[in-house]
Protein chains: 2
Amino acid sequence: MPRQVDHDERRRLLTEALLRIAGTRGLRAVSMREIAAEAGVSLRVVQYYFANKQALLESGLTELGARMDRRVKQRAAAAAGELTPRGVLAAVLGAIVPFDEQSRLDSMAWTAYYSAALTDPALAAAGLTLPNALENFLTLRLTAAQQAGDIAPDRDPRTEVAGLLALANGLTSSVLSGQRSHEAATEIIDYYLDRLFGRDHRGFDPHPP
Amino acid sequence: MPRQVDHDERRRLLTEALLRIAGTRGLRAVSMREIAAEAGVSLRVVQYYFANKQALLESGLTELGARMDRRVKQRAAAAAGELTPRGVLAAVLGAIVPFDEQSRLDSMAWTAYYSAALTDPALAAAGLTLPNALENFLTLRLTAAQQAGDIAPDRDPRTEVAGLLALANGLTSSVLSGQRSHEAATEIIDYYLDRLFGRDHRGFDPHPP
DNA sequence: CCCGAATGGATACAGTCGTATCCTAACGCT
DNA sequence: AGCGTTAGGATACGACTGTATCCATTCGGG
């Protein structure tokens with residue numbers, strides 16, 4: 001039984017067990033022994049593949065970031081039929097707000113990590129790269145959309161993107177706490193996108209006759 | 001030294017010590033012994049005035065809610081010179097995003113409580129009353145503003161308020177993580193309020209000539 | 001005056017935590 | 001075939017947790 005084990009595979013297994021616990025019972029409930037039990041292995045195995053708990057936690061955060069990134073790209077590609085800037089924006093924002101059980105669990109874990117990072121500098125750095133990258137990416141797209149005439153010239157792309165991302169984060173909070181359904185959150189996002197892209201009754205017409 | 005102690009005062013002291021720890025080092029760092037040390041008393045005193053840790057945590061959440069409420073009312077009253085609906089909205093939203101050291105610490109503690117509440121039903125109920133009350137209050141005000149002609153008739157007050165509160169929460173997250181300054185967050189809020197109240201160049205004029 | 005309640009110091013207890021150590025079993029390689 | 005490395009089971013250690021208990025003060029009211 002020894003020898004011939006895929007270390008990366010083992011680490012992936014343990015990281016997934018960690019995220020399952022963090023998503024259902026919070027980071028407080030994450031201990032080396034709990035991870036071992038969740039993964040169906042002994043405590044020694046967890047210790048064998050991760051030098052210490054800190055490394056395990058960082059691995060969890062990295063995996064969580066990768067999942068978010070994958071989800072965003074997946075939804076953006078699914079909406080590729082309509083390559084409109086609005087479609088991209090809607091896909092990305094829709095991928096942030098949890099829409100199924102798995103993304104709900106991941107958002108829970110993400111929230112737990114976020115609040116831990118506020119008082120743990122080791123996690124803070126790793127947790128900020130993804131949001132910043134998203135913000136820059138969307139700002140580029142929206143600026144291009146503005147130059148193409150898809151949104152009004154007096155809109156500020158940077159502010160709009162910052163606002164929309166903050167909106168999506170805030171809505172995620174309310175969805176996680178059961179205050180609002182996923183559908184209600186999506187409606188609010190659409191409401192704002194409608195106004196940004198000029199589908200309100202007195203707004204900017206992207207393609208005047 | 002015994003006798004003649006104000007129990008409420010003692011509990012307030014301990015609760016403040018708890019919130020100081022939660023705001024600076026997170027809820028994870030909150031233990032009975034740490035609270036005792038922070039408050040400058042012995043462990044026994046903490047046990048004497050709170051039956052268990054759970055009661056202490058709930059007291060912290062209650063106090064945090066009271067502080068938020070106080071801040072909102074204070075800022076709303078300070079902006080009472082201009083009784084405009086926009087002034088009220090700006091004051092409330094501005095009170096949510098941390099604007100000084102104390103409100104930053106409280107927001108930190110609030111975030112810690114929020115994420116703990118996601119996996120601890122005992123805290124969940126108490127944590128939701130304040131946001132819901134705020135949302136209802138603001139929706140009433142905005143509906144009245146709409147009937148008075150201060151915002152366009154095609155706006156949906158419920159959606160607008162839900163969006164603005166989610167926006168303020170999301171901005172709070174980014175301010176706490178150092179991603180954005182308080183001023184930058186305020187500008188984004190103002191940007192959205194400008195559009196809602198018709199100060200954009202092609203928008204609704206609240207008082208046409 | 002003094003007795004009983006209020007207040008809090010000191011210490012103990014049973015768990016759980018992250019981490020370290022000891023030891024055995026199984027495989028690849030020469 | 002046997003040797004050394006790899007993989008993991010079992011267990012221990014010291015620190016820390018919430019909670020409980022024992023005991024000494026000190027005061028108000030009879």
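Convention: sequence-line order gives letters A, B, ...; per-chain numbering from 1.
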Between [atom2] on [N] and [atom1] on [X], what's the gap in Å once rounded to a whole number?
| X | N | atom1 | atom2 | value |
| --- | --- | --- | --- | --- |
| A:Arg33 | D:dC13 | CZ | P | 14 Å |
| B:Gln47 | C:dA10 | CD | P | 14 Å |
| A:Ile21 | C:dC17 | CD1 | P | 10 Å |
| A:Arg11 | D:dA7 | CZ | P | 10 Å |
| A:Leu43 | C:dC17 | CG | C1' | 11 Å |
| B:Met32 | C:dA14 | CE | C1' | 16 Å |
| B:Phe50 | C:dT7 | CZ | P | 15 Å |
| B:Ile35 | D:dT19 | CD1 | P | 11 Å |

Under 4.0 Å: is that the gap between some side-chain N or O of [X] and OP1 or OP2 of [N]?
| X | N | value |
| --- | --- | --- |
| A:Tyr48 | D:dG9 | no |
| A:Tyr49 | D:dG8 | yes |
| A:His7 | D:dT6 | no |
| B:Ser31 | D:dT17 | yes |
| A:Arg10 | D:dG8 | yes |

Exercise. Take A:Thr15 and A:Ser59 through the test side chain to side chain donor-acceptor pair (under 3.5 Å) and record every step on the way to the result.
Key: CA-CA 7 Å; A:Thr15 302; A:Ser59 168; 2.8 Å; yes

Practice problem: Starting from the C-alpha separation in whole Å, work towards a yes-or-no answer on side chain to side chain donor-acceptor pair (under 3.5 Å) for A:Ser103 and A:Asp106. | Solution: CA-CA 5 Å; A:Ser103 65; A:Asp106 287 351; over 6 Å; no

Quiz item: Taking the six-membered ring of B:Phe197, is NZ or CZ of B:Arg195 closer than 6.0 Å to its centre and within 45° of its axis?
Solution: no

Quiz item: Relative to the ring of B:Phe99, is the ring of B:His182 parallel (under 30°), tilted (30 to 60°) or perpendicular (over 60°)?
Solution: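 Rings of B:His182 and B:Phe99: tilted, as their planes differ by 30° to 60°.
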
Exercise. Determine yes or no for a side-chain-to-main-chain donor-acceptor pair under 3.5 angstrom, with A:Asn136 supplying the side chain and A:Asn132 the backbone.
Key: yes

Quiz item: Nearest to the side chain of B:Asn52 - C:dG9, D:dT19, C:dC22?
Solution: D:dT19

Quiz prompt | Closest to the A:Arg44 side chain, choosing from C:dT7, D:dG18, D:dG8 | solution =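 So the side chain of A:Arg44 is nearest to D:dG8.
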
